[in-house]
Structure formats: structure tokens, C-alpha cells
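What follows is a short report on a single structure.
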Amino acid sequence: MSSEILINSNQREIRVALMENNQLVELFIEHNAHKGIVGNIYKGKVTKILPGMQVAFVDIGLEKAGFLYVGDIDVMDMLGLEDESEPPPLEEEEKDHPFGGKPGRPNHDVKIQDILQEGQEIIVQVAKNPLGTKGARITNYITLPGRYLVYMPTINHISVSRRIEDENEKERLKELVNKVGNPGEGYIVRTAGQDALKSDFESDVSFLHRLWENLKQKSEGVSAPYLVYEDLNLIFRSIRDLFANDTERLVIDSKSDFNKCLEFCSTYLPHLSDKIELYKDPMPIFDHNGIELDINRALGRTIWLKSGGYITIDQTEALVAIDVNTGKYVGHSDPEDTILKTNLEALKEVVYQMRLRNIGGIIIVDFIDMANEESKEIVSNALKQALKSDRSRTRILKISELGLVEMTRKRVRESLVQTLCDPCDYCDGKGYIKGTSTVCYEIIREIQRRGTDNITRKNLAIKVHPSIYDMLFEEESGLLEEMEKQYNLEITFHVNPKLHLEKYYIEAS
């Protein structure tokens, strides 16, 4: 499968599009005013420890403190002990991302209050950007990514990216890394390391070892909070992380950044220099490749399938719900066959949209109910196969009796919607507002309450939105007159088009 990387860069933002077979599959956006911090290494200070949750909050110099779970702390290193036991398998072996940290569940019985204390300084790395109201998730397990390897200086473990499937190649790579690496330290062979030579790993290891020594020395002479190491910007990370053996080229539309890319590659990745191209067409690079249309489509709630079916995607704070519907597709004769075909087509679109929108966390997919167990097995296997193309780690459960699939997808950065959109000022992000009639009846009930309250003065001035005023006098004018007589009220309305439709103000005068 051929791929290419297209980069739109200017003074305000950098946008990187990963294309596979001329189709946009992943999009990365970095605003210069709000850069991501995943991969950055800080010297932080513990500000609070919560024994009940086994979490510590660490001041790393950001607006919100980072949170450090006990399972993300290198206990042996913190306590100055040597771990001679066989290390457990790491999550990194199941993925190809350098900043995953340790699994979120500790493999020891040590309590966080026995490891850390308030005011203590500690070296941490950002594993997840701040999301919503949450601060950054941080880890004490440091990982330094190179081109072919991820270096873990405090973990004694060697593993290989899950995307390298050939078992013989995995063993060859482990043997090579074991020869060039330092005993007692950890390394993950990245996907780009497939078919690499010993000399490739030697240059990576040498660079990463020097980098780690410099970071340690730098951290010793500063006080927390302090940024010890800042990861590469999005353009250079794309060269380091996205270039695979099947990547044909990287095209960038900025002349200055093009020259920086050539300089970067000549220094660290000379074999990639010939694949860097400058985009010269007058039409914007994303327009030329149809990417802007794909981005707008990825912000919509409903995605239509070629057969006439469709899926809807609703993102909540806790999870993402994806619903599959037959829509206009009615099939020919067998309903079960129609449902199976729709589900098979939909699952491909679901996986594509998850990658493109960078949907993470808990995901519930509501496939159309299938009566046949064989059909469920076909859909389940097809979904697992489709997910193999996803670089983020996913975990999937079997299809339930209700046709639901529960899955999780690793979330490191904000989704595309969170990056490009703000909550609606009018509905406050709910996606709906009270109906006009609902607000009218609320006002009527409030007038009734005021009318029966002996304390309230009998002259009421009511400020409303024009739509509310129109409905009150078109449909409820008779009721208002009755209420004025019944409660001996004098009601005056004032129309304010700047008022929110749901808002109204009743003042006694």
C-alpha cells in the first residue's frame, strides 16, 4: 500500500495529511499558539497525593498540574533498587507509538504514598496532552524515540512493533538490538526498523544514548518546574514517525520549511532526502488533493455509504457512539444478506472515520441486528482485520446479542472535532435548545406563581426574545388576558433580539 505525506505550513499552523492510496487517512494539526506537549520531558514538583485514587498531581509549569498514576512510576528506580525479576510484557510491543508509558495498572504492591511525597522533585514525560478539564497525563517511564528505535533507559526490555508481523524478522531485529544496546536498558523496534541493518540501529542507539545523558545532566542543575526536553515540531515528527518503507514522498508547500526538512534529513536521515519535495502549484496543496473536502466531511455527524446506508457519530464526554443504519439501501430479497452487506460496508467506514477524526477512548458501535451467528462472526473478523491498518492501539470485544461492539482506542491527542471546533455558544455544546412553546409555558407558569404571591407587585415587565413574543401573542394572548384579570396583574412585554431564545426576565414594578 503506497503512501505519501502532504504538509501545509504557514506562520499560524502546520497541517500534516497522511495519504494511503490517494485517500486521506490521518490528519495532524499543530497551531503555533497552542503546540502539543506529548513527548516533552519536565522536571516537576509533586503538589498533591491522593492515596484513595493512587494518583499524584505534579506541577510541570503548565496551567493545570499533570496527573501521575502509580502504574506510571518506575518504582525500582525511584526507590533505588535493582529489579532482577523478568520484566512483564509492555504495551509498547502491541503498538507503534513512542509515548505510551507503562500500562495503567501497577504490577507491584507499592502504594504511591510510599514512593512520593509532596514537594518532591521528579522527572516526568507527557504521555497525553491536556484534554478538556483534565491536565496532562504524565509518566515517570521515559521514552526517547529515534528513527528505528524507541529508547527506554529505565526498563530492561526489548520488543518489536506489532505492525511487523513476520516472526523470523522479529527475532532477527531483537538479536540485532540486543547486540547494539546497553544491557539492562529497553528498546522498541519501530515499524521503520523492519529490514534495517545493524549500522542503522547503531547510529540510532548512539544518538539516543547521548541525548539521555545530556537530559540527565541538564535536569540536575535546574529547579522544578522546568522543561528539560521539548520534542520536535510536527513537521520533523512526521518525518521521524510517519515515514514507512512504502512512503513514496513528502510534499511541503513552504520553501523555508522545505529547506529545514532537507537539512534535518541530511543530518539524521540522509536516505530520505530524495523523497522530500517542494510543492509549487499555485492552487493550495490541500485543495489540489481534495483534502479540504475530506476535512469538512469529517466534521459532520452523518456519513453516507455508497450502498445508500449511513452511519452517525456522536461524541460525548464519556464515550463515542456510532450507529449503523440501512438508510436507502433495501437489498434485493434476503433481509439478513442486506443487513450483513450494510454492516460490512459500514465497518470499513467506521475504522476510516476513527483514524481520520482521531476518535479515542471508549467507542460503542451499534451495528444493525444480525440473527445469524455466522454473520456476526464475519463482521467481527472483518472489523479486526480492518483495524490492523490503524497505528493506534485498539481493543475490541465480541458483538453482543444487541448487535453492539464495545472497543477502546488509545487517545493521545484531541480528536479532529475538538481541535477544529468550539462548543456552540447558543446551545452551550448540547446540540439542542428548548423549544419555543416550552419557554412560553415556563413564562406562563412563572406569571401564575407571581400572581398568587401576595408579596409580588402587580405590575410585571417581561423581557423576551422576539420568537417567544410572537408565539405568546399569536397562540396564548387569550390566556394572558385571563391571567391579568384573575390575578389583577398588568403585564408589559419588552422584545430584545439579543436575548438567548431560552432566556427571559420578569421584573416587578
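Just so we're clear, the structure is a prediction, and the values are computed from it rather than from any experiment.
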With rounding to the nearest 0.5 Å, note down the distance linking [atom1] in [X] to [atom2] in [Y].
| X | Y | atom1 | atom2 | result |
| --- | --- | --- | --- | --- |
| I311 | N343 | CD1 | CG | 11.5 Å |
| D231 | N40 | CG | CG | 6.5 Å |
| I303 | Y352 | CD1 | OH | 10.5 Å |
| D204 | Y187 | CG | OH | 10.5 Å |
| C427 | K434 | SG | NZ | 14.0 Å |
| K170 | S159 | NZ | OG | 9.5 Å |

Residues that [X] engages under side-chain hydrogen bond (donor to acceptor under 3.5 Å, both in side chains), provided they are two or more places apart:
| X | answer |
| --- | --- |
| E248 | none |
| D287 | none |
| K43 | E121 |
| D314 | R301 |

Checking side-chain polar atoms at under 3.5 Å, does [X] have a donor or acceptor matched by the opposite partner on [Y]?
| X | Y | result |
| --- | --- | --- |
| R137 | N129 | no |
| T436 | S467 | no |
| T312 | T302 | no |
| E118 | T47 | no |
| Y69 | Q54 | no |
| D323 | N325 | yes |

Is it true that, when you exclude N381 itself, more than 12 heavy atoms of the residues, nucleotides or ligands shown sit nearer than 6.0 Å to its CG?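 For N381, atom CG is crowded (more than 12 foreign heavy atoms under 6.0 Å).
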Taking everything shown except I362 itself, do over 12 heavy atoms lie less than 6.0 Å from its CD1?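 No, the 6.0 Å shell around CD1 holds no more than 12 heavy atoms from other groups.
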Are any side-chain N or O atoms of [X] and backbone N or O atoms of [Y], one a donor and one an acceptor, separated by less than 3.5 Å?
| X | Y | answer |
| --- | --- | --- |
| S380 | K376 | no |
| N140 | I123 | yes |
| N289 | I285 | yes |
| K111 | P51 | no |
| Q315 | V320 | no |

Considering all heavy atoms of both residues, which atom of S161 and which atom of I188 are nearest to each other, and what is their separation?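 Reported closest heavy-atom pair: N-CG2, 4.5 Å.
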Kindly give the heavy-atom pair with the smallest separation between L319 and T316, and that separation in Å.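 Here L319 and T316 meet closest at O-OG1, 2.6 Å.
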Which is it for R297 and E349 under the salt bridge (Lys or Arg N to Asp or Glu O under 4.0 Å) test, yes or no, and what are the steps along the way? CA-CA 12 Å; R297 182 169 175 255; E349 186 66 28; 3.5 Å; yes
State which residues pass salt bridge (charged side-chain N to carboxylate O under 4.0 Å, His left out) with R355; sequence neighbours excluded, sorted by chain then number.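 E20, E26.
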Applying ring pair (Phe, Tyr, Trp, His ring centres under 6.0 Å), name anything that partners H31, two or more places apart in sequence or on another chain.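 Applying ring pair (Phe, Tyr, Trp, His ring centres under 6.0 Å) to H31 gives none.
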Quick one: sort the F201 and Y148 rings into parallel, tilted or perpendicular, breaks at 30° and 60°.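 Taking Y148 first and then F201, their aromatic rings stand perpendicular (interplane angle over 60°).
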Step by step, work out the salt bridge (Lys or Arg N to Asp or Glu O under 4.0 Å) result for E169 and K174. CA-CA 9 Å; E169 176 65 2; K174 285 184 178 181; over 6 Å; no
